[in-house]
Amino acid sequence: MAHANPLGLPIGCQTWPVRSMIANDFPGTLKQLAAAGFQSIEMCSPVGYADSGFGGLRKHSGKELRSIIQDAGLTCASSHFSLDELRKDQDGRIAWAKDMGMTQMLVASLGGPKNPTMDDLKRAAEEYEKIGERAAAAGIVQGLHNEGFECTTVDGQRTYDLLFKLLDPKAVQFQFQVSTISEGFDAAEYFAKYPGRFISMHVQGWSAKTRSIVPVGQGTLDWKKIFAAAKTGGVRNYFVEMDLPLMKASVPYLHQLQV
């Protein structure tokens, strides 16, 4: 049953929803996630997310954290970083990622204004492309999530779509937030529209009837369609990201889902 995971990929989860647990007991939290059936995690940087529950992990080196994660029976190839920490010390953060054994570095949003101009967008894309180029030179894939700024519009066009035109795929890949279906962003459509441009996705179940987050496999999303399209999009890993009870309730469905 464990080998039926969609696309044969490990069932992953983002650590953001369990940040308060991590602040109290990192090894214990990891063991809970592994016991729930998760096989990989995506971290949040102890530097960029220091005030969100991850700051206590700074006492450990990257190699020490990697060992703690492995001891819990998990793998970790990806982490979110703040844009600010990459601006200040990208080389140091790349070194930490490599010590962790990571191959992906993500930023949640470029953080531009709520009503951006095309110039705002071009400036943000130019800065992030340079960050992506430095990461690529170090053998790391730099990715961009979609929330907030990326869900705005510029001159009637979606900021997100414009970023696919502005950002060089050799420098920046994308991570799709499935819950943005609430704002009309359809995962399967984007994976098909921009083949090979995605590295991963954050997975949430969604009920169009109640307009609420639900466990994966419940609600109204067609997960076979999404995962089949994810292969076209280039997705290499995925991370369930919801409150812990919803994440746990998603695992049995993902274990049996064959795509």
Side-chain angles (χ1 to χ4, degrees), residues 14-17 19 42-55 78-94 97 104-136 140-187 189-191 193-194 197-204 206 211-213 233-234 239 241-242:
Q14 231 292 343
T15 51
W16 172 257
R19 57 195 180 278
E42 182 176 58
M43 281 290 293
C44 293
S45 163
V47 174
Y49 289 78
D51 296 333
S52 301
F54 295 89
S78 183
S79 179
H80 272 238
F81 296 78
S82 73
L83 190 54
D84 189 53
E85 70 179 302
L86 297 183
R87 285 171 174 150
K88 290 177 178 176
D89 182 23
Q90 188 181 2
D91 288 344
R93 304 317 293 143
I94 286 173
Q104 302 172 188
M105 296 175 68
L106 282 296
V107 165
S109 175
L110 298 184
K114 292 181 179 179
N115 297 296
T117 64
M118 189 62 76
D119 284 343
D120 291 328
L121 183 54
K122 287 180 177 177
R123 277 194 297 271
E126 182 179 1
E127 178 190 32
Y128 199 59
E129 186 167 295
K130 289 177 181 176
I131 288 173
E133 287 171 351
R134 289 193 289 271
I140 294 281
V141 178
Q142 190 71 41
L144 176 64
H145 194 46
N146 58 312
E147 59 185 356
F149 176 65
E150 288 69 31
C151 296
T152 62
T153 58
V154 178
D155 300 333
Q157 300 179 77
R158 281 181 173 175
T159 295
Y160 195 47
D161 289 86
L162 292 168
L163 285 169
F164 282 92
K165 299 173 183 176
L166 291 171
L167 291 167
D168 184 346
K170 294 178 182 177
V172 177
Q173 294 280 58
F174 290 82
Q175 178 184 65
F176 196 87
Q177 174 86 350
V178 173
S179 64
T180 54
I181 187 68
S182 65
E183 299 178 58
F185 290 72
D186 185 287
E189 286 182 8
Y190 271 92
F191 294 149
K193 187 175 182 180
Y194 300 104
R197 298 297 300 273
F198 291 88
I199 190 169
S200 65
M201 63 175 165
H202 279 181
V203 168
Q204 298 88 13
W206 173 254
R211 292 194 59 78
S212 62
I213 300 293
F239 306 101
E241 185 190 33
M242 298 177 281

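The distance from the CZ atom of F149 to the CG atom of N115 is 11.0 Å, given to the nearest 0.5 Å. Note: N146 CG to T180 OG1 = 4.5 Å, rounded to the nearest 0.5 Å. A distance of 9.5 Å separates OG of S179 from NE2 of H202, quoted to the nearest 0.5 Å. Residue E126 holds its CD atom at 11.0 Å from CG of L167, rounded to the nearest 0.5 Å. Note that CD of E133 is 5.0 Å distant from CD of E129, once rounded to the nearest 0.5 Å. Considering OH of Y49 and CE of M43, their distance stands at 11.5 Å, rounded to 0.5 Å.
Results of the ring pair (Phe, Tyr, Trp, His ring centres under 6.0 Å) test with F174 over Y194, Y128, Y160 single out Y160 as the only residue that passes.
Between R211 and S182 the shortest side-chain heavy-atom distance falls below 4.5 Å. Looking at E42 and L106, their side chains come closer than 4.5 Å, going by heavy atoms from C-beta outward. I213 places a side-chain heavy atom less than 4.5 Å from the side chain of W206. Side-chain contact check for M118 versus L162: some heavy-atom pair is nearer than 4.5 Å.
Taking both residues in full, the closest heavy atoms of Q142 and V107 are given as NE2-CG2, 4.0 Å, listed atom of the first, atom of the second, then distance. The shortest non-hydrogen separation linking F81 to S45 is CD2-CB, 3.7 Å. Closest heavy-atom contact between P113 and T152: O-CG2, 4.2 Å. Residue L110 comes nearest to L83 through the heavy atom pair O-CD2, 3.7 Å, listed as atom of the first residue, atom of the second, then distance. The heavy-atom pair separating H145 from Q177 by the smallest distance is CE1-OE1, 2.7 Å. P116 and T159 get closest at one heavy-atom pair: CG-OG1, 4.0 Å.
E183 pairs by the salt bridge (charged side-chain N to carboxylate O under 4.0 Å, His left out) definition with nothing, not counting sequence neighbours. Partners of D186 according to the salt bridge (charged side-chain N to carboxylate O under 4.0 Å, His left out) rule, which considers only residues two or more places apart in sequence or in another chain, do not exist here. With sequence neighbours left out, H80 forms a side chain to side chain donor-acceptor pair (under 3.5 Å) with Q175. Remark: F198 engages F164, F191 in a ring pair (Phe, Tyr, Trp, His ring centres under 6.0 Å) (not counting sequence neighbours). With sequence neighbours excluded, no residue satisfies side chain to side chain donor-acceptor pair (under 3.5 Å) with R19. With sequence neighbours left out, the side-chain contact (heavy atoms from CB on, under 4.5 Å) criterion links V141 to Q173, I199, R236. Partners of L166 under the side-chain contact (heavy atoms from CB on, under 4.5 Å) rule, at least two apart in sequence or in another chain, are L121, K122, A125. Listed by chain and residue number, nothing satisfies the side chain to side chain donor-acceptor pair (under 3.5 Å) test with E189 (two or more places apart in sequence, or in another chain). Considering only residues two or more places apart in sequence or on other chains, R87 meets the side chain to side chain donor-acceptor pair (under 3.5 Å) condition with E127. Scored by the side-chain contact (heavy atoms from CB on, under 4.5 Å) test, S82 finds D84, E85 as partners (sequence neighbours excluded). Taking T153 as the reference, nothing meets the side-chain contact (heavy atoms from CB on, under 4.5 Å) condition, with sequence neighbours excluded.
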Review point. What do the steps show when you test K88 against R93 for side-chain contact (heavy atoms from CB on, under 4.5 Å), and what is the final call?
Key: CA-CA 9 Å; K88 290 177 178 176; R93 304 317 293 143; over 6 Å; no
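In this structure, the side chain of Q104 does not engage the main chain of G143 through any donor-acceptor pair within 3.5 Å.
For the salt bridge (Lys or Arg N to Asp or Glu O under 4.0 Å) condition, the pairs that include at least one residue of residues 155-170, sequence neighbours left out, are D161-K193.
Residues E147 and S109 bring no donor and acceptor atom of their side chains to less than 3.5 Å of each other.
The aromatic rings of F185 and Y190 sit parallel to each other, their planes meeting at less than 30°, with 60° as the upper class boundary.
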